[in-house]
Amino acid sequence: MNLRLFLVMLRRELRGSGSRALFFIGCLAVGVAAIVLVAGLSDGVEQAIRLEGRPLLAADVSVRGRRAISEDFDAVAERFPDVLRADTQEFATMTSVPVPAGEPPGSSVMVELKAVSEGYPFYGELVVAPEAPLMDLLGADGAVVEPSLLAKLEVGVGETLLLGGSEFTVRGTVLSEPDRVNVAFATGPRVFLSQAGLTRAGLTTMGGRITHRALFKAPSAERTEALVAWMNTAVEDNIWYSIETWSDGQPSMRRGLERTEIFLGLVALLSLLVGGVGVAQTIRAWLASRLDNIAVLRCLGMTPLEVTGLYLAQTVLLALIGSGAGALIGTAFLTAGPLLLEGLLPVEAIDPLQPAAIARGLVLGVGIALLFAALPLLRIRQVPPLRVIRRSVEPLPTSRFAAAVAVAQLALGVWAIAAFQSSSLLIGGLFAVSAAASAAALLAAAEGLSRLVSARSGGLKPWWLRHGVTALARPGAATRAAMVALGLGVMVVLATVLIQRRLGAQLTDQLPENAPSAFLLDVQPDQWAAVEAMVGDAGGSEVRSAPMIVARIAEIDGTPTADLIEGLEPDDRWALSREQRLTAMRELPSDNALLDGALWQQEGVDEISLERRFADRLDVGLGSALVFDIQGIPVEMTVTSIRSVDWTSFNMNFFLVAEPGVLDDAPQVKLVTFQIPAEAETPLRDVLASEMPNITLISVRALLERAGGLLGQLGVGVQLVGGFTSLAGLFILASSISASTLRRSREIALRKTIGASRASTIAVLAIEYALIGAVAGGIGAGGAALLSGLVITQVMQLSWSPEPAVLVVGVFVCIALVVGAGLAGNLRALRTPPAASLRGE
Amino acid sequence: MPPRLVLDALTRSYPSGDGLLTVLDAVDLQIDAGEFVAILGPSGSGKSTMLALMAGLDRPTSGAVRVDGEAMHDRSEDALARWRRTNLGFVFQSFQLLDNFTAAENVMFPLELLGAADPERRAVELLELVGLSRRAHHYPAQLSGGEQQRVALARAFAADPPILLADEPTGNLDSATGRQVLDVLIALHKERNTTVVLVTHDPAVGARADRRIFLKDGRIEREERS
């Protein structure tokens, strides 16, 4: 047979394929559309996260350390000429109002000073008043300060402050700072100076108390990665610095993004695979309808290979059309993103043209079609030409070896495609294992059910119940194929739902809904009652407070800190010599977990609990004796417990928690957190400034809104794509059930001819379909639990629970789907007069 | 001249329950080139089985099928398919037209398989011969039973095969249409001197053949000649 005839035959054979061809195309289109859609949404979500997350760092890359930024980093300008740089220094210092000579000095206030260079911040909004570029306001002798400082010192814009012995003119106020995230450790209001101003103030000799940062802005995510990689390998002094991107500082965001990306990729894969199930069902039903034609072609002289080639070519052609359609649909959806997703996701970050994803989708779409079509196509060779004479002759059984090879290639193919799409051999392996286990269980269940039905259903009454049950075991029932296809489809859809629910819950848990929107620093104990009342009057809620005692570590296990510091590098010296903030509480907050020891159990010692990493840094453990110098008074406490702390929870937490009562007499202030409506913040700040000027109010609303926005957008992405896959999967399953109803029209016609009523015929079908749905749904649900459990625990590193309610609902939905779709597929035969069905009309 | 078709102790058995059901039992038969032979017998006598074995659609349990002296029974599936292209025409009781092909395309197909020149013209000529030139572009579903069988006849003769096998060609037709179809078949047979083996249960159909073979219980009971 030459190519021309082959193509002519292809065209003729495709005629009249009609709904089956459309369904085939639709199955693949869904999967490929999901791949393109996910690629676009993933990029969009990731870009959105980057756009929203970078302000938290005010840069793409931050190099942070306790020593001046090494000259090695100057090479960035040469190696990465498209990368911009700004520098900052932050430390606590005192400021006061200058007084005329001879007069006693005025009150001084501890402030958080930040010296910045041109370019800061690269991302995020630094809101200052008056509105002007920060560097223009600062100059060499200007300062921009937090409003609460002006209230404390009773000065105004245009007046003078003393910093480091030099005078600075207050040129404006700072209302919002994008990268001020560690508010719980703030020592006072913010003061901005320029680099020249810092030099002028003579404060650069603060040594290890200064946090130096070099901020870098890169033109793209790829350049950021390249920059970080270069810094980590090429800069000799990099061990002294923390090199961070925005996600390093926000590990919860990063994990959320990673998990969402895993989910999106997995969902696209699952869409494709459920499409493959639909393809397999369609081809099976399609070939079943072509058996007579295939026999005639064989009889007329086409070889088995030529006939197989013809149908293989049809499969490939339809697969290309389906994959192409899917690529178009996915692209169209992304293009319509601005209309559909406005307000849900930053649509400007979504690029509708995804050539790599389109190419991937085309390859995977055709690959999936061929994988799932291989076994049915294999049977073409088994169609005997004798069927033209004896129509009852069925295709010869495929040899066990050939079937085993086909199944093996299907399993390997699924694994390969899963690994390719998810870029993870682990995910590919988990999926292949789950699918193989489910398929094996389904085959065994189908076989077992057939045998059970054959052996035990003889006495079932009424007759229509018996007919419905025994229909499963009749020759040509194709129970096994239907059950495997349905069960795998249920597994895919339910696994998607379970993973989506777990990930959505995780993202929701991270939402800072109950997190404080404001902090109060330096609340004196005798002010607490009044402050609490003020906050309440301002509409504040979720008010929490903790005592804060400032101390230094004087001794560790009998060795003075001064001796321990000898020979240490500056970074490590600072950790021992700096001021520590202690608190006292009877019970630990919910974001603390006791790792070792016990809380306040030991008699005869004053106990203290340490955060794990802090304890490691001090090289202390359970039983260590720490002596704290609290304003000259030594206080010894013994480490009796070690804790972990979730620092991402936005709540106030402490490295050092003392036993209640030990520090009651120590000088202390309260650290207060609360939620407050946005419009009440400024009035409260003003009231505090006038009545209790020592108290600093720091708002973190912008940070929370950004965090909430990020997590919310991840959640939207998860719901959109997960929902699409689940619905598409249900549609494919329903349609494939309908598609496989070829043989029933004749059976229905015969039943009616013999005298069965329509109601009893429907009952027979419904029972058969319900049984298939129940068994396939049950095993599919088990497979879904297995797959989702593996993905959630092994890949997403989250905790997992089986969610039995979801599984049970899934099984009932499956039963309803099979019964509904099966009956719908036979509706015509049920309505058509028997003679017409028997004539094949 | 050697016989065109030889069945040599041809036997076909099938497993049935615990035993073996023998449908054809050591049948010996020779058919000369250009003969028109009818195979008659009651239902289950082995008529269709014999036809299937002649066409290479089935393999004998024992014995041989030879066409022009060459053994058919031990050829591969591919070889049999290629042999059928050039040597065999087929007419079936249920017409067996390709439902996605027009009448003309059904007739063209054997010619296309052989790479014949201008198959469409040839197909139209054949359809004209069977009186269906105006239905050339209709699909089988748009044709009556008699029309479908005439298209099938045209297809069977398209490649000018030396042998034509017909399995109950009038079985699904009313008597008038059946006579019409048979007339066409006989006319084509005489025009081309095709060896025709026709299976039927209808004595009236068998009466129109040159030779009649009566099968009973898988064996040739008797023969008649016109």
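Using a 4.0 Å cut-off between charged nitrogen and carboxylate oxygen, A:Arg298 and B:Glu77 count as a salt-bridge pair. Under a 4.0 Å N-O distance rule, the pair A:Arg15/B:Asp99 does not qualify as a salt bridge.
Residue-environment remark: CD (B:Glu125) exceeds the threshold of 12 foreign heavy atoms within 6.0 Å. Other residues, nucleotides and ligands contribute at most 12 non-hydrogen atoms within 6.0 Å of the CG atom of B:Asp217. Shown here is A:Arg451, whose CZ atom has no more than 12 heavy atoms of other residues, nucleotides or ligands within 6.0 Å. Within 6.0 Å of CZ on B:Arg192 lie more than 12 heavy atoms contributed by other residues, nucleotides or ligands.
Separation of atoms CG (B:Leu80) and SG (A:Cys299) is listed at 11.0 Å; rounding is to 0.5 Å. Atom CZ of B:Phe101 sits about 3.5 Å away from atom CE of A:Met9, to the nearest 0.5 Å. The line from CZ of A:Arg12 to CE of B:Met108 is 4.5 Å long, rounded to the nearest 0.5 Å.
Contact of B:Ser76 with chain A is not made at all, since no heavy-atom distance falls under 4.5 Å. In this structure, chain A has no heavy atom under 4.5 Å from any part of B:Thr86. For A:Leu300, the parts sitting under 4.5 Å from any heavy atom of chain B are the backbone and the side chain alike. Contact annotation for B:Phe92: only side-chain heavy atoms (C-beta onward) come within less than 4.5 Å of a heavy atom of chain A. Residue contact with chain A, scored on non-hydrogen atoms closer than 4.5 Å, involves the side chain of B:Asp167 exclusively.
For the pair A:Leu386 and B:Leu57, the tightest heavy-atom approach, listed with the atom from each and the gap, is CB-O, 3.7 Å.
A side chain to side chain contact (heavy atoms under 4.5 Å, CB included) with A:Val296 is found for one member of B:Asn106, B:Leu98, B:Leu97 and no other, namely B:Leu98.
Between the B:Glu112 side chain and the A:Leu5 main chain, no donor and acceptor come within less than 3.5 Å of each other. Not a single donor-acceptor pair under 3.5 Å links the side chain of B:Arg84 to the backbone N or O of A:Gly301.
Of the listed residues (B:Glu168, B:Arg155, B:Gln93), the one with the most heavy-atom contacts under 4.5 Å to chain A is B:Arg155.
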**OP:** Please step through side-chain hydrogen bond (donor to acceptor under 3.5 Å, both in side chains) for the pair B:Asn100 and A:Asn293, ending with a clear verdict.
**Re:** CA-CA 9 Å; B:Asn100 285 354; A:Asn293 259 34; 5.6 Å; no
